[in-house]
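In what follows, a single structure is set out as C-alpha coordinates and then discussed.
Just follow the structure's listing: the first ligand is 1, and inside any ligand the first atom is 1. Scope of the values below: all heavy atoms of this structure, side chains included, with no hydrogens, waters or symmetry mates.
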Amino acid sequence: MARLDLSTVDSVPAPTRPRVDPRSLPVGIVHLGLGAFHRAHQAVFTEDAVAAAGGDWGICGVSQRSAAVIEQLAPQDGLYTVLARGAHVEARVIGTVRELLFSGTQAAEVVARMADPAVRITTLTVTEKGYRHDPATGRLRGDEATRADAAGGPPRTVVGQLVRGLQARMTADAGPHTVLCCDNLASNGRTLSRLVGDFLDLMGGAEPLRAWIAEGVSFPNTMVDRIVPATTDADRAEARVLIGLDDAGVVTTEPFRQWVIEDDFRAGRPAWDTAGALFTSDVTPYEVMKLRLLNGSHSMLAYLGVLAGYDTIADAMAHFAGAVQHLMRDDVEPTLDVPAGFDVAAYQQQLLTRFANPALRHRTVQVAMDGSQKLPQRLLGTLRDRRAAGAEPRWAALAVAAWMRWVQVAPALDDPLAPRLRAAIAGASAPADVAARLLAVDEVFGPELRDDPVAVALIVDALRRITVDGAGPAAEGDE
Ligand code: CS2
(Lines give C-alpha, C1' and ligand atoms only; values in the text may rest on other atoms or scores of the structure.)
Protein backbone atom coordinates (compact mmCIF):
# COMPACT_ATOMS: atom_id res chain seq x y z
CA MET A 1 0.00 0.00 0.00
CA ALA A 2 1.23 3.53 -0.77
CA ARG A 3 2.40 5.75 2.07
CA LEU A 4 0.71 8.94 3.26
CA ASP A 5 2.68 11.97 2.04
CA LEU A 6 2.13 15.13 -0.02
CA SER A 7 2.01 13.17 -3.27
CA THR A 8 -0.71 10.77 -2.06
CA VAL A 9 -2.78 12.87 0.35
CA ASP A 10 -5.27 13.87 -2.33
CA SER A 11 -6.34 10.22 -2.61
CA VAL A 12 -7.60 10.29 0.99
CA PRO A 13 -11.43 10.43 1.19
CA ALA A 14 -12.45 14.11 1.11
CA PRO A 15 -13.83 14.62 4.66
CA THR A 16 -10.68 13.02 6.05
CA ARG A 17 -8.18 15.23 4.16
CA PRO A 18 -6.31 18.15 5.79
CA ARG A 19 -8.52 21.25 6.06
CA VAL A 20 -5.61 23.47 5.06
CA ASP A 21 -3.30 23.02 2.10
CA PRO A 22 -0.08 21.77 3.66
CA ARG A 23 1.87 22.78 0.55
CA SER A 24 1.31 26.46 1.18
CA LEU A 25 1.42 26.86 4.94
CA PRO A 26 4.48 28.78 6.18
CA VAL A 27 5.78 28.13 9.69
CA GLY A 28 4.78 30.56 12.46
CA ILE A 29 5.07 28.28 15.51
CA VAL A 30 7.95 26.25 16.92
CA HIS A 31 6.68 23.39 19.03
CA LEU A 32 8.97 21.65 21.54
CA GLY A 33 7.84 18.07 22.26
CA LEU A 34 6.33 16.46 19.18
CA GLY A 35 4.63 13.61 21.05
CA ALA A 36 1.17 12.20 20.45
CA PHE A 37 -0.51 14.76 22.70
CA HIS A 38 0.59 17.76 20.64
CA ARG A 39 -0.38 16.07 17.41
CA ALA A 40 -3.88 15.30 18.73
CA HIS A 41 -4.42 18.65 20.45
CA GLN A 42 -2.70 21.93 19.49
CA ALA A 43 -1.94 20.79 15.92
CA VAL A 44 -5.65 20.03 15.38
CA PHE A 45 -6.84 23.29 16.94
CA THR A 46 -4.31 25.13 14.78
CA GLU A 47 -5.49 23.44 11.61
CA ASP A 48 -9.12 24.33 12.36
CA ALA A 49 -8.15 27.91 13.21
CA VAL A 50 -6.20 28.37 9.97
CA ALA A 51 -9.02 26.74 7.98
CA ALA A 52 -11.52 29.16 9.54
CA ALA A 53 -9.53 32.38 9.68
CA GLY A 54 -6.25 31.94 7.78
CA GLY A 55 -2.78 32.89 8.97
CA ASP A 56 0.77 31.64 8.50
CA TRP A 57 0.68 29.27 11.43
CA GLY A 58 2.36 26.10 10.24
CA ILE A 59 4.27 24.25 12.95
CA CYS A 60 7.95 23.33 13.15
CA GLY A 61 7.77 20.26 15.40
CA VAL A 62 10.79 19.47 17.55
CA SER A 63 11.14 15.97 18.94
CA GLN A 64 12.94 16.01 22.25
CA ARG A 65 13.53 12.50 23.37
CA SER A 66 13.76 10.21 20.40
CA ALA A 67 14.39 10.41 16.70
CA ALA A 68 11.60 7.86 16.12
CA VAL A 69 8.84 10.46 15.64
CA ILE A 70 10.97 12.25 13.05
CA GLU A 71 11.71 8.96 11.31
CA GLN A 72 7.97 8.30 11.15
CA LEU A 73 6.88 11.75 10.02
CA ALA A 74 9.72 12.94 7.74
CA PRO A 75 8.99 10.42 4.93
CA GLN A 76 5.31 11.49 5.22
CA ASP A 77 6.05 15.23 4.84
CA GLY A 78 4.77 15.75 8.40
CA LEU A 79 1.29 14.39 7.63
CA TYR A 80 -0.40 11.96 10.01
CA THR A 81 -3.84 10.65 10.95
CA VAL A 82 -5.75 11.42 14.14
CA LEU A 83 -8.20 8.65 15.06
CA ALA A 84 -10.89 9.90 17.44
CA ARG A 85 -12.55 6.98 19.19
CA GLY A 86 -16.02 7.45 20.62
CA ALA A 87 -19.13 5.44 19.77
CA HIS A 88 -17.52 5.24 16.31
CA VAL A 89 -14.07 6.02 15.07
CA GLU A 90 -13.37 9.11 13.00
CA ALA A 91 -10.17 9.62 11.04
CA ARG A 92 -8.66 12.95 10.07
CA VAL A 93 -5.35 13.67 8.36
CA ILE A 94 -3.64 16.72 9.86
CA GLY A 95 -1.43 18.95 7.73
CA THR A 96 -0.19 21.68 10.09
CA VAL A 97 3.17 20.11 11.04
CA ARG A 98 5.32 21.50 8.24
CA GLU A 99 8.89 21.07 9.48
CA LEU A 100 10.61 18.53 11.70
CA LEU A 101 13.70 18.77 13.88
CA PHE A 102 15.29 16.39 16.38
CA SER A 103 16.84 18.37 19.19
CA GLY A 104 19.22 15.51 20.02
CA THR A 105 21.22 16.16 16.84
CA GLN A 106 19.85 19.53 15.67
CA ALA A 107 19.97 21.73 18.76
CA ALA A 108 21.56 24.61 16.83
CA GLU A 109 18.82 24.43 14.17
CA VAL A 110 16.15 24.58 16.88
CA VAL A 111 17.70 27.73 18.33
CA ALA A 112 18.01 29.28 14.87
CA ARG A 113 14.38 28.45 14.03
CA MET A 114 13.20 30.31 17.13
CA ALA A 115 15.15 33.37 15.98
CA ASP A 116 13.19 33.67 12.73
CA PRO A 117 10.97 36.80 12.80
CA ALA A 118 8.22 34.75 11.09
CA VAL A 119 8.06 32.49 14.17
CA ARG A 120 5.93 34.28 16.73
CA ILE A 121 4.98 31.55 19.18
CA THR A 122 6.84 28.68 20.85
CA THR A 123 4.53 26.04 22.29
CA LEU A 124 5.63 23.20 24.56
CA THR A 125 4.41 19.72 25.53
CA VAL A 126 7.43 18.02 27.03
CA THR A 127 5.66 16.26 29.97
CA GLU A 128 6.12 17.23 33.60
CA LYS A 129 9.61 15.79 33.91
CA GLY A 130 10.82 17.59 30.79
CA TYR A 131 11.18 20.82 32.77
CA ARG A 132 13.75 19.31 35.16
CA HIS A 133 12.21 21.17 38.02
CA ASP A 134 11.50 20.33 41.62
CA PRO A 135 7.80 19.40 41.54
CA ALA A 136 7.12 20.56 45.11
CA THR A 137 8.50 24.08 44.61
CA GLY A 138 8.35 24.54 40.83
CA ARG A 139 11.97 25.73 40.77
CA LEU A 140 14.70 24.53 38.40
CA ARG A 141 16.70 21.64 39.90
CA GLY A 142 19.92 22.87 38.32
CA ASP A 143 21.02 19.33 37.47
CA GLU A 144 24.11 18.52 35.48
CA ALA A 145 22.50 18.78 32.02
CA THR A 146 20.92 22.13 32.91
CA ARG A 147 24.19 23.51 34.27
CA ALA A 148 25.99 22.35 31.12
CA ASP A 149 23.37 24.16 29.01
CA ALA A 150 23.77 27.31 31.09
CA ALA A 151 27.53 27.17 30.55
CA GLY A 152 27.06 27.22 26.73
CA GLY A 153 27.18 24.77 23.84
CA PRO A 154 24.20 23.29 21.97
CA PRO A 155 21.39 23.06 24.54
CA ARG A 156 20.19 19.60 25.52
CA THR A 157 17.47 20.56 28.00
CA VAL A 158 14.11 22.08 27.18
CA VAL A 159 14.55 25.20 29.29
CA GLY A 160 18.05 25.57 27.82
CA GLN A 161 16.69 25.39 24.27
CA LEU A 162 14.03 27.90 25.08
CA VAL A 163 16.38 30.43 26.64
CA ARG A 164 19.01 30.04 23.90
CA GLY A 165 16.26 30.45 21.31
CA LEU A 166 15.05 33.65 22.98
CA GLN A 167 18.64 34.87 23.22
CA ALA A 168 19.13 34.27 19.49
CA ARG A 169 15.87 36.14 18.88
CA MET A 170 17.12 39.10 20.86
CA THR A 171 20.43 39.10 18.97
CA ALA A 172 18.64 38.87 15.62
CA ASP A 173 16.18 41.58 16.68
CA ALA A 174 13.45 39.18 15.57
CA GLY A 175 10.69 40.81 17.59
CA PRO A 176 8.42 39.94 20.50
CA HIS A 177 7.36 36.40 21.23
CA THR A 178 4.90 34.23 23.13
CA VAL A 179 5.88 31.06 24.98
CA LEU A 180 2.89 28.81 25.55
CA CYS A 181 3.39 25.94 27.98
CA CYS A 182 0.80 23.21 27.32
CA ASP A 183 1.80 20.73 30.01
CA ASN A 184 -0.17 19.71 33.10
CA LEU A 185 1.73 21.88 35.59
CA ALA A 186 0.14 24.22 38.11
CA SER A 187 0.15 27.78 36.64
CA ASN A 188 2.11 26.36 33.73
CA GLY A 189 2.96 29.68 32.03
CA ARG A 190 4.00 31.34 35.28
CA THR A 191 5.98 28.27 36.30
CA LEU A 192 7.86 28.16 33.00
CA SER A 193 8.63 31.86 33.17
CA ARG A 194 10.14 31.29 36.63
CA LEU A 195 12.20 28.37 35.33
CA VAL A 196 13.52 30.65 32.58
CA GLY A 197 14.49 33.13 35.32
CA ASP A 198 16.25 30.35 37.26
CA PHE A 199 18.17 29.39 34.11
CA LEU A 200 19.23 33.01 33.55
CA ASP A 201 20.53 33.03 37.15
CA LEU A 202 22.62 29.95 36.36
CA MET A 203 23.97 31.56 33.16
CA GLY A 204 25.10 34.65 35.02
CA GLY A 205 25.64 37.99 33.27
CA ALA A 206 22.30 37.59 31.48
CA GLU A 207 20.71 40.86 32.61
CA PRO A 208 20.19 42.29 29.09
CA LEU A 209 18.45 39.07 28.05
CA ARG A 210 16.35 39.07 31.23
CA ALA A 211 15.26 42.62 30.49
CA TRP A 212 14.50 41.80 26.85
CA ILE A 213 12.36 38.82 27.90
CA ALA A 214 10.54 40.87 30.54
CA GLU A 215 9.75 43.47 27.90
CA GLY A 216 8.85 41.39 24.87
CA VAL A 217 7.97 37.80 25.82
CA SER A 218 4.75 36.59 27.43
CA PHE A 219 4.08 33.22 29.08
CA PRO A 220 0.29 32.80 29.14
CA ASN A 221 -1.18 30.08 31.36
CA THR A 222 -3.20 27.42 29.58
CA MET A 223 -5.41 24.48 30.43
CA VAL A 224 -5.17 21.71 27.84
CA ASP A 225 -7.31 18.62 27.74
CA ARG A 226 -7.57 15.60 25.50
CA ILE A 227 -6.91 11.99 26.48
CA VAL A 228 -4.29 10.55 24.14
CA PRO A 229 -3.19 6.95 24.79
CA ALA A 230 -0.04 5.52 23.20
CA THR A 231 -0.60 4.37 19.60
CA THR A 232 -0.76 0.63 18.96
CA ASP A 233 -0.33 -1.55 15.86
CA ALA A 234 -4.10 -2.03 15.86
CA ASP A 235 -4.53 1.77 15.53
CA ARG A 236 -2.16 1.86 12.56
CA ALA A 237 -3.98 -1.06 10.92
CA GLU A 238 -7.32 0.68 11.37
CA ALA A 239 -6.02 3.97 9.97
CA ARG A 240 -4.76 2.10 6.90
CA VAL A 241 -8.31 0.91 6.22
CA LEU A 242 -9.84 4.34 6.83
CA ILE A 243 -7.45 6.47 4.76
CA GLY A 244 -6.32 3.86 2.24
CA LEU A 245 -2.63 4.61 2.86
CA ASP A 246 0.12 3.47 5.21
CA ASP A 247 0.72 5.89 8.06
CA ALA A 248 3.47 5.33 10.64
CA GLY A 249 2.55 8.52 12.52
CA VAL A 250 -1.04 7.73 13.58
CA VAL A 251 -2.23 9.09 16.91
CA THR A 252 -5.35 7.93 18.69
CA THR A 253 -7.56 9.94 21.00
CA GLU A 254 -11.09 10.64 22.23
CA PRO A 255 -13.64 12.93 20.49
CA PHE A 256 -13.48 15.47 23.36
CA ARG A 257 -10.97 18.30 23.31
CA GLN A 258 -10.68 21.48 25.35
CA TRP A 259 -8.28 24.40 25.55
CA VAL A 260 -8.50 27.43 27.82
CA ILE A 261 -5.87 30.10 27.19
CA GLU A 262 -4.90 33.34 28.87
CA ASP A 263 -5.16 35.97 26.15
CA ASP A 264 -1.71 37.54 26.38
CA PHE A 265 0.01 37.14 23.02
CA ARG A 266 2.83 39.48 22.06
CA ALA A 267 2.99 38.89 18.32
CA GLY A 268 -0.40 37.59 17.22
CA ARG A 269 -1.86 34.12 17.37
CA PRO A 270 -3.97 31.69 15.37
CA ALA A 271 -7.72 32.26 15.75
CA TRP A 272 -7.88 29.23 18.07
CA ASP A 273 -11.18 30.58 19.38
CA THR A 274 -12.76 29.74 16.02
CA ALA A 275 -11.63 26.16 16.68
CA GLY A 276 -13.33 26.00 20.07
CA ALA A 277 -10.61 27.31 22.40
CA LEU A 278 -11.74 29.60 25.20
CA PHE A 279 -9.77 32.81 25.80
CA THR A 280 -9.96 34.29 29.27
CA SER A 281 -8.03 36.65 31.49
CA ASP A 282 -7.64 34.04 34.25
CA VAL A 283 -7.05 30.39 33.49
CA THR A 284 -6.33 29.34 37.09
CA PRO A 285 -9.84 28.18 38.07
CA TYR A 286 -10.08 26.01 34.94
CA GLU A 287 -6.60 24.67 35.37
CA VAL A 288 -6.98 23.74 39.04
CA MET A 289 -10.30 22.12 38.25
CA LYS A 290 -8.84 20.06 35.43
CA LEU A 291 -5.67 19.04 37.25
CA ARG A 292 -7.51 18.00 40.42
CA LEU A 293 -10.69 16.50 38.95
CA LEU A 294 -9.43 14.93 35.74
CA ASN A 295 -5.76 14.24 36.34
CA GLY A 296 -6.18 13.53 40.07
CA SER A 297 -8.89 10.96 39.30
CA HIS A 298 -6.83 9.57 36.42
CA SER A 299 -3.89 8.98 38.73
CA MET A 300 -6.16 7.37 41.33
CA LEU A 301 -7.57 5.02 38.68
CA ALA A 302 -4.09 4.29 37.35
CA TYR A 303 -2.56 3.28 40.72
CA LEU A 304 -5.56 1.43 42.17
CA GLY A 305 -6.17 -0.11 38.74
CA VAL A 306 -2.65 -1.29 38.06
CA LEU A 307 -2.38 -2.73 41.60
CA ALA A 308 -5.66 -4.61 41.13
CA GLY A 309 -4.48 -6.03 37.79
CA TYR A 310 -6.48 -3.86 35.40
CA ASP A 311 -4.80 -3.12 32.11
CA THR A 312 -6.80 -0.05 31.07
CA ILE A 313 -8.39 2.97 32.71
CA ALA A 314 -11.80 1.89 31.38
CA ASP A 315 -11.35 -1.56 32.98
CA ALA A 316 -10.33 0.08 36.25
CA MET A 317 -13.50 2.20 36.11
CA ALA A 318 -15.57 -0.98 36.37
CA HIS A 319 -14.16 -1.37 39.86
CA PHE A 320 -13.21 2.08 41.10
CA ALA A 321 -15.81 4.46 39.66
CA GLY A 322 -17.24 4.86 43.17
CA ALA A 323 -13.89 5.86 44.66
CA VAL A 324 -13.36 8.35 41.84
CA GLN A 325 -16.77 9.90 42.43
CA HIS A 326 -15.99 10.28 46.11
CA LEU A 327 -12.59 11.81 45.38
CA MET A 328 -14.16 14.37 43.04
CA ARG A 329 -17.19 15.26 45.10
CA ASP A 330 -16.01 14.90 48.70
CA ASP A 331 -12.38 15.97 48.48
CA VAL A 332 -11.73 18.00 45.32
CA GLU A 333 -14.92 19.96 44.73
CA PRO A 334 -14.82 21.85 48.06
CA THR A 335 -11.31 23.12 47.14
CA LEU A 336 -12.36 24.60 43.78
CA ASP A 337 -13.07 28.14 42.80
CA VAL A 338 -15.56 27.18 40.07
CA PRO A 339 -15.75 29.65 37.16
CA ALA A 340 -19.06 31.52 37.06
CA GLY A 341 -21.71 29.65 35.09
CA PHE A 342 -19.67 26.45 35.00
CA ASP A 343 -21.59 23.26 35.84
CA VAL A 344 -19.05 21.36 37.91
CA ALA A 345 -21.41 18.41 38.56
CA ALA A 346 -21.93 17.92 34.83
CA TYR A 347 -18.16 18.18 34.32
CA GLN A 348 -17.60 15.35 36.81
CA GLN A 349 -20.26 13.23 35.12
CA GLN A 350 -18.62 13.85 31.76
CA LEU A 351 -15.23 12.81 33.19
CA LEU A 352 -16.68 9.49 34.38
CA THR A 353 -18.01 8.86 30.87
CA ARG A 354 -14.68 9.81 29.29
CA PHE A 355 -12.72 7.53 31.63
CA ALA A 356 -15.10 4.66 30.89
CA ASN A 357 -14.70 5.02 27.08
CA PRO A 358 -14.01 1.36 26.19
CA ALA A 359 -12.62 2.22 22.75
CA LEU A 360 -9.64 4.20 24.07
CA ARG A 361 -7.67 1.39 25.74
CA HIS A 362 -5.62 3.86 27.74
CA ARG A 363 -3.22 1.76 29.78
CA THR A 364 -3.04 2.18 33.55
CA VAL A 365 0.77 1.81 33.45
CA GLN A 366 0.97 4.75 31.04
CA VAL A 367 -0.89 7.09 33.41
CA ALA A 368 0.99 5.61 36.41
CA MET A 369 4.29 6.82 34.95
CA ASP A 370 6.22 9.70 36.55
CA GLY A 371 4.05 9.87 39.67
CA SER A 372 6.61 11.95 41.56
CA GLN A 373 6.17 14.69 38.98
CA LYS A 374 2.38 14.48 38.88
CA LEU A 375 1.22 14.03 42.47
CA PRO A 376 1.81 17.59 43.73
CA GLN A 377 -0.53 19.37 41.28
CA ARG A 378 -3.01 16.47 40.99
CA LEU A 379 -3.53 15.26 44.56
CA LEU A 380 -1.35 16.98 47.14
CA GLY A 381 -2.96 20.40 46.64
CA THR A 382 -6.33 18.81 47.37
CA LEU A 383 -4.94 17.11 50.49
CA ARG A 384 -3.39 20.32 51.77
CA ASP A 385 -6.41 22.51 51.08
CA ARG A 386 -8.79 20.09 52.77
CA ARG A 387 -6.52 19.73 55.76
CA ALA A 388 -6.28 23.50 56.05
CA ALA A 389 -10.10 23.52 56.18
CA GLY A 390 -10.01 20.95 58.99
CA ALA A 391 -11.42 18.15 56.81
CA GLU A 392 -10.24 14.56 56.38
CA PRO A 393 -9.61 13.96 52.68
CA ARG A 394 -9.56 10.18 52.77
CA TRP A 395 -10.05 9.64 49.03
CA ALA A 396 -7.11 11.81 48.08
CA ALA A 397 -5.14 9.99 50.81
CA LEU A 398 -6.19 6.67 49.27
CA ALA A 399 -4.87 7.76 45.86
CA VAL A 400 -1.54 8.85 47.40
CA ALA A 401 -1.32 5.55 49.29
CA ALA A 402 -1.96 3.64 46.05
CA TRP A 403 0.97 5.51 44.48
CA MET A 404 3.13 4.57 47.49
CA ARG A 405 2.21 0.92 47.10
CA TRP A 406 3.07 1.13 43.40
CA VAL A 407 6.46 2.63 44.28
CA GLN A 408 6.98 -0.45 46.47
CA VAL A 409 5.81 -3.16 44.09
CA ALA A 410 6.15 -1.87 40.50
CA PRO A 411 8.29 -4.35 38.57
CA ALA A 412 10.04 -1.42 36.86
CA LEU A 413 9.19 1.96 38.34
CA ASP A 414 8.98 4.43 35.45
CA ASP A 415 9.77 7.72 37.19
CA PRO A 416 12.69 10.13 37.02
CA LEU A 417 12.97 9.91 40.83
CA ALA A 418 12.78 6.08 40.86
CA PRO A 419 16.26 5.54 42.35
CA ARG A 420 15.63 8.15 45.03
CA LEU A 421 12.18 6.73 45.91
CA ARG A 422 13.35 3.12 45.97
CA ALA A 423 16.35 4.07 48.13
CA ALA A 424 14.05 5.94 50.52
CA ILE A 425 12.01 2.81 51.25
CA ALA A 426 14.83 0.24 51.15
CA GLY A 427 14.39 -2.16 54.06
CA ALA A 428 10.99 -0.74 55.04
CA SER A 429 7.92 -2.96 54.91
CA ALA A 430 5.47 -1.75 57.55
CA PRO A 431 2.99 0.66 55.93
CA ALA A 432 3.64 3.36 58.55
CA ASP A 433 7.35 3.16 57.86
CA VAL A 434 6.97 3.18 54.05
CA ALA A 435 4.60 6.15 54.21
CA ALA A 436 6.82 8.11 56.61
CA ARG A 437 9.88 7.59 54.45
CA LEU A 438 8.14 8.60 51.23
CA LEU A 439 6.49 11.60 52.88
CA ALA A 440 10.00 12.73 53.82
CA VAL A 441 10.93 13.09 50.12
CA ASP A 442 10.64 16.86 50.15
CA GLU A 443 11.06 17.30 46.38
CA VAL A 444 7.61 15.73 46.05
CA PHE A 445 5.76 16.41 49.28
CA GLY A 446 7.27 19.55 50.72
CA PRO A 447 7.44 19.76 54.50
CA GLU A 448 3.79 20.32 55.51
CA LEU A 449 2.18 16.92 55.01
CA ARG A 450 4.64 14.85 56.97
CA ASP A 451 4.14 17.20 59.93
CA ASP A 452 0.36 16.83 59.81
CA PRO A 453 -0.60 13.80 61.95
CA VAL A 454 -4.11 13.59 60.47
CA ALA A 455 -2.87 13.53 56.86
CA VAL A 456 -0.23 10.97 57.80
CA ALA A 457 -2.79 8.77 59.58
CA LEU A 458 -5.15 8.87 56.59
CA ILE A 459 -2.38 7.83 54.21
CA VAL A 460 -1.02 5.12 56.51
CA ASP A 461 -4.47 3.72 57.08
CA ALA A 462 -5.15 3.50 53.34
CA LEU A 463 -1.73 2.03 52.64
CA ARG A 464 -2.28 -0.60 55.33
CA ARG A 465 -5.57 -1.64 53.73
CA ILE A 466 -4.03 -1.82 50.27
CA THR A 467 -1.04 -3.76 51.59
CA VAL A 468 -3.11 -6.28 53.53
CA ASP A 469 -6.14 -6.66 51.28
CA GLY A 470 -4.80 -5.62 47.89
CA ALA A 471 -6.34 -2.80 45.90
CA GLY A 472 -9.72 -4.48 45.43
CA PRO A 473 -12.93 -2.82 46.59
CA ALA A 474 -11.79 -3.33 50.19
CA ALA A 475 -9.19 -0.61 49.60
CA GLU A 476 -12.03 1.84 49.32
CA GLY A 477 -12.93 1.21 52.96
CA ASP A 478 -16.36 1.55 54.49
CA GLU A 479 -18.79 3.78 52.70
C1 CS2 B 1 -2.91 11.54 32.07
C2 CS2 B 1 -2.94 12.76 31.15
O3 CS2 B 1 -0.98 10.34 31.47
C4 CS2 B 1 -1.51 11.05 32.34
O5 CS2 B 1 -0.96 11.28 33.39
O6 CS2 B 1 -3.55 11.86 33.26
O7 CS2 B 1 -2.06 12.66 30.11
C8 CS2 B 1 -4.37 13.03 30.63
O9 CS2 B 1 -4.78 12.02 29.76
C10 CS2 B 1 -4.47 14.36 29.94
O11 CS2 B 1 -4.00 15.37 30.79
C12 CS2 B 1 -5.90 14.63 29.51
O13 CS2 B 1 -6.02 15.94 29.11
Problem set entry | Side chains of V27 and I59 in contact at under 4.5 Å (non-hydrogen atoms) |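 No, their side chains stay 4.5 Å or more apart.
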For this session: Answer yes if the side chains of R378 and S299 hold a donor-acceptor pair under 3.5 Å, and no otherwise.
Result: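 The answer is yes; a qualifying pair exists.
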Exercise. Do the side-chain N and O atoms of D183 and Y131 include a donor-acceptor pair separated by under 3.5 angstrom?
Worked result: yes
For residues 284-294, please give each side-chain donor-acceptor pair under 3.5 Å, one per line with the distance, not counting sequence neighbours.
unit_1	atom_1	unit_2	atom_2	d
T284	OG1	D282	OD1	3.0
E287	OE1	S187	N	2.8
E287	OE2	S187	N	3.0
E287	OE2	N188	N	3.4
K290	NZ	N184	OD1	2.8
K290	NZ	V224	O	3.1
K290	NZ	N295	OD1	3.0
R292	NH1	T335	OG1	3.0
R292	NH1	D385	OD2	2.8
R292	NH2	D385	OD2	3.3

Show the distances, to 0.1 Å, for all pairs joining an N/O atom of ligand 1 and a protein N/O atom that are shorter than 3.5 Å, listing one pair per line.
unit_1	atom_1	unit_2	atom_2	d
ligand 1	5 (O)	K374	NZ	2.8
ligand 1	5 (O)	R378	NH1	3.0
ligand 1	5 (O)	R378	NH2	2.9
ligand 1	6 (O)	N295	ND2	3.1
ligand 1	6 (O)	H298	ND1	2.8
ligand 1	6 (O)	R378	NH1	3.1
ligand 1	6 (O)	R378	NH2	3.4
ligand 1	11 (O)	N184	ND2	2.9
ligand 1	11 (O)	K290	NZ	2.7
ligand 1	11 (O)	N295	ND2	3.0
ligand 1	13 (O)	D225	OD1	2.5
ligand 1	13 (O)	R226	N	3.0
ligand 1	13 (O)	R226	O	3.4
ligand 1	13 (O)	K290	NZ	3.1

For this session: Please name all residues satisfying ring-ring contact (aromatic ring centres under 6.0 Å, His included) with F102, sequence neighbours left out, ordered by chain then number.
Result: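 ring-ring contact (aromatic ring centres under 6.0 Å, His included) list for F102, sorted by chain: empty.
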For this session: Apply side chain to side chain donor-acceptor pair (under 3.5 Å) to T125 and list each qualifying residue two or more places apart in sequence or on a separate chain.
Result: H31
